Amino acid sequence: MLVSRYSTRKWPVLDHAVRWGRSQCLLWLPYVLFFVPVTLRFFVLVVLEAVYNLYLFFFTLPQSLQPIISEGYSEGDAIVTGGTSGIGKEIARALILAGYHVHLPVRDMAKGRKVAEELGVKAVTLYQCNLSSIPEVLAFIAAFKSTHKQLELLVNGLESHMAIHVLGTFLLTTGLASILHGGRVVNVSSSVYYIVSHFDLRAFCDRSQFSRQGGYSNAKYAQTLLSMQLALDLREHDITVNCVHPGMVNTDIIRSDTLGKVVLRGIVNTIAPFIMLTPKQGALTPVWAALSSECDNVTGRFFSDLQEEPLSGKIFHDLEHGYGKALFVHCENLVKKASNR
Ligand SMILES: NC(=O)c1ccc[n+]([C@@H]2O[C@H](COP(=O)([O-])OP(=O)(O)OC[C@H]3O[C@@H](n4cnc5c(N)ncnc54)[C@H](OP(=O)(O)O)[C@@H]3O)[C@@H](O)[C@H]2O)c1
């Protein structure tokens, strides 16, 4: 009784122990052992990134995309996913300035039309496509290939919280590989993949096993691992595949309207302009990877702040031990299953 009253005020965990019994309290253990270190590492990374962003903002990043755009002029075709907002929209804008015709698969056509008007309707073709639906992505690939014999550039700037979005990257890259000869694939990943110390393919495919940011960092790890596997596989087809970290960018990345997310969005929106890059600045490295002659024939790399960032040792380890190939085969099987339905 004494313990219960004392703990209610000061020690909620102990209070749970009293109410649930000791065995139930052990349910906290996985949280303490797994999620707390992951959450802490995530926040340390965010703080370090914010400080680094200030340094980039004032000392390093060029203030304009213009030199990169002039260098990579082409009248070819580029597909940009995630082109209706944030970094993807700025990538699309820069590619149009560089002479490209930009193809945007979008899930919301009304939003797509607004963006096309903003970027210039003549330079944009819109396709209705929810990239989390395998049949819709396959239909988009078929429609694109029926009208185009060559694609110069594929930039995956899609928001990527779930395994299915990794699948989107897989589907588009493999599905378009036959017309991408001599072309580039740029996947917008995130340095957050560094915090993943244990990647379990089966758990990754089960969303319920991860917290949101755990899911995010795992999705980014999977996207990076898959990109490096694709880089190896597509080398003989003269297609380069690279990943980029855009920086910590002030976009509409917190979407949900749950109370917690609304509060978090409020906090982020207040401090974001002071510590985060603008979407235009976030587009610098992806556009550089897509257009710069410095990236000619360069494949299987990770770029950040207009330069190469060494891949984590874990990625090399997983590639060597066949986990990249296993992820590739897993994606392939999911597509086969969906196609046979
Ligand atoms: N912002 C950052 O600080 C940051 C840092 C590191 C990496 N990144 C990465 O950069 C990429 C772009 O992020 P962002 O910040 O620019 O995000 P964003 O502003 O939220 O844009 C995400 C884009 O993805 C599109 N999208 C999402 N689900 C889709 C679906 N099922 N079908 C079709 N389109 C879909 C959205 O379309 P709607 O407009 O229809 O919603 C939107 O155009 C992401 O891969 C993100 O992980 C961002």
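For clarity, every value in this text was computed on a predicted model and none was experimentally measured. One-based numbering, in listed order, for ligands and for the atoms of each.
Close approach of ligand 1 to Ser190 (heavy-atom distance below 4.0 Å) involves ligand atoms 6 (C), 7 (C). Using a 4.0 Å cut-off to heavy atoms of Ile87, the atoms of ligand 1 that qualify are 10 (O), 15 (O), 16 (O), 48 (C). For ligand 1, the atoms lying closer than 4.0 Å to a non-hydrogen atom of Ser189 are 6 (C), 7 (C), 8 (N), 9 (C). The Ser132 neighbourhood of ligand 1 comprises atoms 31 (N), with distances under 4.0 Å to a heavy atom of that residue. Within the listing of ligand 1, atoms 16 (O), 19 (O) sit less than 4.0 angstrom from a heavy atom of Gly86. Of all atoms in ligand 1, listed by their number and element, those nearer than 4.0 Å to a heavy atom of Val188 are 9 (C), 10 (O), 11 (C), 45 (O).
Between Thr299 and Arg235 there is a side-chain heavy-atom pair separated by less than 4.5 Å. Looking only at side-chain heavy atoms (C-beta outward), Tyr100 and Leu291 come within less than 4.5 Å of each other.
For the side-chain hydrogen bond (donor to acceptor under 3.5 Å, both in side chains) with Asp77, the lone residue among His103, Gln150, Lys149 that qualifies is His103.
Residue Thr84 holds the heavy atom nearest to atom 43 (O) of ligand 1 of all those in Thr81, Val192, Thr84, Leu104.
Looking at Met248 next to ligand 1, no N or O pair under 3.5 Å apart turns up. The shortest N/O to N/O separation between Val106 and ligand 1 does not fall below 3.5 Å. Close N/O approach between Gly157 and ligand 1 is not found [any backbone or side-chain N/O within under 3.5 Å]. Taking only nitrogen or oxygen atoms, main chain and side chain alike, Pro246 does not reach within less than 3.5 Å of ligand 1. Residue Asn130 has at least one nitrogen or oxygen atom sitting less than 3.5 Å from a nitrogen or oxygen atom of ligand 1, judged on distance alone.
Taking the charged nitrogens against the carboxylate oxygens, Glu309 and Arg301 have no contact shorter than 4.0 Å, which rules out a salt bridge. Contact check on Lys325 versus Asp318 returns no salt bridge, with no Lys/Arg side-chain nitrogen under 4.0 Å from an Asp/Glu carboxylate oxygen.
Residue-level proximity to ligand 1 for Lys111 is carried by the side chain, the only part with a heavy atom below 4.0 angstrom. Looking at Pro105 against ligand 1, nothing comes within 4.0 Å, counting heavy atoms. The part of Lys220 lying near ligand 1 is the side chain, judged by heavy-atom distances below 4.0 Å. Of the heavy atoms in Thr251, only side-chain atoms (C-beta onward) come closer than 4.0 Å to ligand 1.
Shown here is Lys114, whose NZ atom has no more than 12 heavy atoms of other residues, nucleotides or ligands within 6.0 Å. Other residues, nucleotides and ligands contribute more than 12 heavy atoms inside 6.0 Å of the CZ atom of Phe328.
Counted by atom type alone, Ser74 and Glu152 present zero donor-acceptor pairs between their side chains at under 3.5 Å.
Pairs passing the ring pair (Phe, Tyr, Trp, His ring centres under 6.0 Å) check and including a residue from residues 292-315, sequence neighbours excluded, read Tyr193-Phe302, Trp288-Phe303.
Using a 4.0 Å cutoff on heavy atoms, Leu158 counts as a contact of ligand 1. Contact annotation: Gly247 has at least one heavy atom less than 4.0 Å from an atom of ligand 1.
Counting only distance, with no hydrogens or angles, the side chain of His181 and the backbone of His237 share a donor-acceptor pair below 3.5 Å.
Contacts of Glu294 classified as salt bridge (Lys or Arg N to Asp or Glu O under 4.0 Å), with partners at least two apart in sequence or in another chain: none.
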